[in-house]
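Treat the numbers as computed from the prediction; the structure is a model and nothing was measured. Just so it is clear, the values below take in all heavy atoms, side chains as well, and ignore hydrogens, waters and symmetry mates.
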Amino acid sequence: MTTDLLQVEHLTKHYPIRKGVFSRVSAQVHAVDDVSFSIAEGETLGLVGESGCGKSTTGKAILRLTEVTDGAIRWRGERIDALTASEMRRHRRELQAVFQDPYSSLNPRMRAVDIVAEPIRNFESLDGAAIKARVESLFERVGLRADQMVKYPYEFSGGQRQRLGIARALAPNPRLIVCDEPVSALDVSVQAQVINLLMDLQAELGLSYLFIAHDLAVVEHISHRVAVMYLGRIVEITDKRSLFESPQHPYTEALLSAVPVPDPARARKRIILAGDVPSPVNPPAGCRFHTRCPYAEARCKVEVPVMRETAPGHFVACHLRGGEPVVA
Ligand code: SF4
């Protein structure tokens, strides 16, 4: 893992709320605020947080499925956040996605063979026989049988449909796949199979993943580094081992306390956070976590904590943690 393929710098995405006959903007949903991270070649960054924390919006912004409000997204060093659709086309092939619900992301009226062939036709000029051969090899690669190519999505099980979604994402030979809750809708046993498949593909093809999940236990196996998001901001980012062995942010601590551990002697005391996640329309001032943080102090209500490097490669935004502030 050496070169950064993707750099996200101070990404901000607000959605206007419009009201009245003149559709005046009455408020903003602060979906993502000042989020920065990078992903190297062959790396998996896990992006974790409760539902509505902005992780899927971050994924959509990288894929250019939503316009950004502020900040920059660089792909191979080139800014892509302001490219037009036609300028973006040369990067599209390399940036693909696997979504949570393959049932709604796969066209129910298309046969599996055409679902996987579509991106090949879009990006390459191959004849029918060559496309069919590629689709067949992709089916085999993701653990589907060639005779299933003629089936429709509803004829597959949940796990098989997700394999089909992965085959479609792989078809144009991508370099980065945004996996947005790819196993959340699957049974636990099937989850492990799909995660293992993604890891095998990474080892074989050198792929990078942004792996979005609401559950730390799910990202533990697959991620090299993990970023924890709360209410639109990244509160902690580090390598997987540091995060699981030495979490620094109180929110990460709480999330980790819910992760089952096989050894009862190492079980953590469960931390139940008070209250619900505040509304992103009107996020709390200061540290956004202060309304639920068991350690909150007076300044947490007014001062936004800056991101600090508390140990090499371990970044935390909390007033209780020392370390060098990150200046970008
Ligand atoms: Fe808690 Fe304050 Fe740290 Fe925020 S800055 S996590 S409120 S201690």
**Q** Under 3.5 Å, is there a donor on one side chain and an acceptor on the other for E297 and H290?
**A**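 No, H290 and E297 have no side-chain donor paired with an acceptor closer than 3.5 Å.
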
**Q** Between atom NZ of K60 and atom CG of D180, what is the distance when rounded to the nearest 0.5 Å?
**A**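 The distance works out to 7.0 Å.
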
**Q** Do any N or O atoms from the side chain of Y209 and from the backbone of G42 form a donor-acceptor pair under 3.5 angstrom?
**A**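 It does not hold such a pair.
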
**Q** Would you mind checking if K132 and D127 are paired as a salt bridge, meaning a charged N to carboxylate O distance below 4.0 Å?
**A**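 Here D127 does not pair with K132 in a salt bridge, since their nearest N and O are not under 4.0 Å apart.
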
**Q** Would you call L207 and I177 a side-chain contact if the rule is heavy atoms closer than 4.5 Å?
**A**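 SC-SC contact between L207 and I177 confirmed.
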
**Q** Taking all non-hydrogen atoms of both residues, which atom of D81 and which atom of E67 are closest, and how far apart?
**A**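 Closest approach of D81 to E67, heavy atoms only: O-OE1, 3.9 Å.
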
**Q** Could you check whether any side-chain N or O of K19 sits under 3.5 Å from a backbone N or O of V25, counting only pairs where one atom can act as donor and the other as acceptor?
**A**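 No: the side chain of K19 does not pair with the backbone of V25.
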
**Q** Under 3.5 Å, side chain of Q191 to main-chain N/O of V183, donor-acceptor pair present?
**A**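 Between the backbone of V183 and the side chain of Q191 there is a qualifying donor-acceptor contact (under 3.5 Å).
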
**Q** H91 versus R64: any side-chain heavy-atom pair under 4.5 Å?
**A**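 No; the side chains remain at least 4.5 Å from each other.
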
**Q** Could you state the interatomic distance from SG (C179) to CD1 (I166), rounded to the nearest 0.5 Å?
**A**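 C179 atom SG to I166 atom CD1 measures 7.0 Å (nearest 0.5 Å).
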
**Q** Provide the closest heavy-atom pair for A61 versus I73 in the form atom of the first, atom of the second, distance.
**A**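 Shortest heavy-atom contact: O-CD1, 3.4 Å.
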
**Q** Please lay out, stage by stage, how E87 and R79 fare under the test salt bridge (Lys or Arg N to Asp or Glu O under 4.0 Å).
**A** CA-CA 11 Å; E87 288 168 336; R79 271 190 80 161; over 6 Å; no

**Q** Nearest 0.5 Å please: distance from the CG atom of L6 over to the CD1 atom of I80.
**A**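 It comes to 7.0 Å.
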
**Q** Dump the intermediate steps for salt bridge (Lys or Arg N to Asp or Glu O under 4.0 Å) on E9 and R74, then the final yes or no.
**A** CA-CA 8 Å; E9 297 163 359; R74 292 179 203 279; 3.1 Å; yes

**Q** Step through the shown structure and confirm whether more than 12 heavy atoms of other residues, nucleotides or ligands are within 6.0 Å of CG on D276.
**A**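 Counting neighbours around CG of D276, 12 or fewer heavy atoms of other residues, nucleotides or ligands fall under 6.0 Å, so no.
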
**Q** Taking atom CZ of R241 as the centre, does the number of heavy atoms from other residues, nucleotides or ligands within less than 6.0 Å exceed 12?
**A**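 No.
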
**Q** Any chance the side chains of Q202 and T44 put a donor and an acceptor closer than 3.5 Å?
**A**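 Present: a donor and an acceptor within the cut-off.
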
**Q** Side chains of F211 and V218, heavy atoms from C-beta outward: is any pair under 4.5 Å?
**A**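 F211 reaches V218 side chain to side chain.
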
**Q** State, to 0.1 Å, how close V228 and L255 come at their nearest heavy-atom pair, and which atoms those are.
**A**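 Nearest heavy atoms, V228 then L255: CG1-CD1, 3.9 Å.
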
**Q** Check this for me, if you would: do E43 and R225 make a salt bridge, where the nitrogen-to-carboxylate-oxygen distance has to be below 4.0 angstrom?
**A**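 The answer is yes: the pair qualifies as a salt bridge.
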
**Q** Quick one: does any side-chain atom of E236 pair with a main-chain N or O of Q248 as donor and acceptor, under 3.5 Å?
**A**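 Side chain of E236 to backbone of Q248, a donor-acceptor pair under 3.5 Å: yes, one is there.
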
**Q** When rounded to the nearest 0.5 angstrom, what distance separates OG in S208 from CD1 in I39?
**A**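 It is 7.0 Å, given to the nearest 0.5 Å.
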
**Q** Looking at R134 and E124, does any basic side-chain N land under 4.0 Å from a carboxylate oxygen?
**A**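 E124 and R134: salt-bridged.
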
**Q** Distance alone, cut at 3.5 Å: any donor-acceptor contact between the side chains of H214 and E181?
**A**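 Checked: H214/E181 side chains pair up, N/O donor to acceptor below 3.5 Å.
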
**Q** Just by modelled atom types, is the A317 backbone N or O under 3.5 Å from a matching donor or acceptor in the R233 side chain?
**A**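 Not a single qualifying donor-acceptor pair exists.
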
**Q** Given side chains that start at C-beta, do those of V178 and F99 come closer than 4.5 Å, heavy atoms only?
**A**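 No. Closest side-chain heavy atoms not under 4.5 Å.
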
**Q** Would the distance check show the side chain of R161 and the main-chain N or O of P153 forming a donor-acceptor pair, the cut-off being under 3.5 Å?
**A**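 Yes; at least one donor-acceptor contact below 3.5 Å.
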
**Q** The test is side-chain contact (heavy atoms from CB on, under 4.5 Å); show your working for L11 and T69 and say whether it passes.
**A** CA-CA 8 Å; L11 175 68; T69 306; over 6 Å; no

**Q** I'd like to check R163 versus L197 (side-chain heavy atoms, cut-off strictly below 4.5 Å). Are they in contact?
**A**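 The answer is yes; the side chains approach within 4.5 Å.
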
**Q** Same cluster or not: V316 versus F244, using hydrophobic residues (I, L, V, M, F, W, Y) connected whenever any side-chain heavy atoms lie under 4.5 Å apart?
**A**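 No, no single cluster joins them.
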
**Q** Answer yes or no: is there a side-chain heavy-atom contact under 4.5 Å between R89 and L83?
**A**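 No; the side chains remain at least 4.5 Å from each other.
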
**Q** Which atom names give the shortest non-hydrogen contact between L186 and G159, and what distance separates them?
**A**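 Shortest heavy-atom contact: CD2-N, 3.9 Å.
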
**Q** Given R24 and R18, is the side-chain contact (heavy atoms from CB on, under 4.5 Å) satisfied, shown in steps?
**A** CA-CA 5 Å; R24 288 218 173 88; R18 296 179 189 277; over 6 Å; no

**Q** Do you know the tightest heavy-atom contact between P247 and L256?
**A**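 That closest heavy-atom pairing would be CG-CD1, 3.5 Å.
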
**Q** Starting from V116, can I reach I131 by hopping between I/L/V/M/F/W/Y residues whose side chains sit under 4.5 Å apart?
**A**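 As far as the 4.5 Å side-chain criterion goes, V116 and I131 are connected within one cluster.
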
**Q** Give a yes or no on whether M199 and V48 share a hydrophobic cluster (residues Ile, Leu, Val, Met, Phe, Trp, Tyr; joining criterion: side-chain heavy atoms under 4.5 Å apart).
**A**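 Yes.
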
**Q** Among the clusters formed by ILVMFWY side chains lying less than 4.5 Å apart, do W75 and L63 turn up in the same one?
**A**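 In one cluster with W75: L63, yes.
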
**Q** Roughly how far apart are Y295 OH and E253 CD, rounded to 0.5 Å?
**A**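 Atom-to-atom, Y295:OH and E253:CD are 4.0 Å apart.
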
**Q** Tell me, do T58 and I62 make a side-chain contact under 4.5 Å, heavy atoms counted?
**A**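 Answer yes - side chains close enough.
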
**Q** Considering non-hydrogen atoms only, spot the tightest contact between Q7 and G77 and give its length.
**A**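 Scanning both residues, the minimum pair turns out to be OE1-CA, 4.4 Å.
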
**Q** Under the rule for ring pair (Phe, Tyr, Trp, His ring centres under 6.0 Å), what residues qualify as partners of Y230, not counting sequence neighbours?
**A**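 For Y230, the residues satisfying ring pair (Phe, Tyr, Trp, His ring centres under 6.0 Å) (neighbours in sequence not counted) are Y251, F289.
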
**Q** side-chain contact (heavy atoms from CB on, under 4.5 Å), that's the test. Do H314 and R321 meet it? Break it down for me.
**A** CA-CA 11 Å; H314 196 147; R321 304 296 174 200; over 6 Å; no

**Q** Could you verify whether a donor N or O on one side chain and an acceptor N or O on the other, from D239 and S242, lie under 3.5 Å apart?
**A**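 Result is yes, a qualifying pair exists.
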
**Q** Is the shortest heavy-atom distance from the side chain of K301 to the side chain of T291 under 4.5 Å?
**A**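 Sidechains of T291 and K301: no contact.
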
**Q** Determine whether a donor-acceptor pair (N or O, by modelled atom type, separation under 3.5 Å) exists between the side chain of S157 and the backbone of Q160.
**A**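 Looks like yes, one N/O pair under 3.5 Å.
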
**Q** Can you check whether R92's main-chain N or O pairs, donor with acceptor, with Q96's side chain at less than 3.5 Å?
**A**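 Such a contact is found between Q96 side chain and R92 backbone.
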
**Q** Side chains of D34 and T12: is there a donor and an acceptor less than 3.5 Å apart?
**A**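 Note: D34 and T12 side chains miss the donor-acceptor criterion.
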
**Q** Can a donor-acceptor pair be found between the side chains of S137 and E140 at a distance below 3.5 Å?
**A**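 Not at all, the side chains of S137 and E140 share no donor-acceptor pair under 3.5 Å.
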
**Q** Are R93 and N173 close enough, and set up right, to give a side-chain contact (heavy atoms from CB on, under 4.5 Å), and what steps lead you there?
**A** CA-CA 7 Å; R93 188 183 68 73; N173 291 324; 3.4 Å; yes

**Q** Would D114 and R121 satisfy salt bridge (Lys or Arg N to Asp or Glu O under 4.0 Å), going step by step from the backbone distance to the final call?
**A** CA-CA 10 Å; D114 293 317; R121 287 193 192 106; 3.6 Å; yes

**Q** Are R111 and E155 within salt-bridge range, i.e. N to O under 4.0 Å?
**A**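 Salt bridge flag = no for E155 with R111.
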
**Q** Between D33 and R288 (salt bridge meaning N to carboxylate O under 4.0 Å), is one present in this structure?
**A**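 Yes.
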
**Q** Taking V32's backbone N and O only, do any of them form a donor-acceptor pair with T57's side chain (distance below 3.5 Å, no angle check)?
**A**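 Flag not set: sc T57 to bb V32 has no pair under 3.5 Å.
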
**Q** Please report the interatomic distance CG(L170) to CD(E204), rounded to the nearest 0.5 Å.
**A**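 Rounded to the nearest 0.5 Å, the CG-CD separation comes out at 9.0 Å.
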
**Q** Say whether I234 and F315 are linked into one hydrophobic cluster, either directly or through other cluster members, by side-chain heavy-atom distances under 4.5 angstrom.
**A**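 They do share one cluster, since a chain of ILVMFWY contacts under 4.5 Å joins I234 to F315.
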
**Q** Taking only residues two or more places apart in sequence or in another chain, which ones pass ring pair (Phe, Tyr, Trp, His ring centres under 6.0 Å) with H14?
**A**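 Only H30 meet the ring pair (Phe, Tyr, Trp, His ring centres under 6.0 Å) criterion with H14.
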
**Q** Any side-chain to backbone donor/acceptor pair from Q162 onto A185? Under 3.5 Å, distance only.
**A**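 Side chain of Q162 to backbone of A185, a donor-acceptor pair under 3.5 Å: no, none is there.
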
**Q** Mind checking who shares a hydrophobic cluster with I17, ILVMFWY linked at side-chain heavy-atom distances under 4.5 Å?
**A**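 Cluster partners of I17: Y15, V29, V281.
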
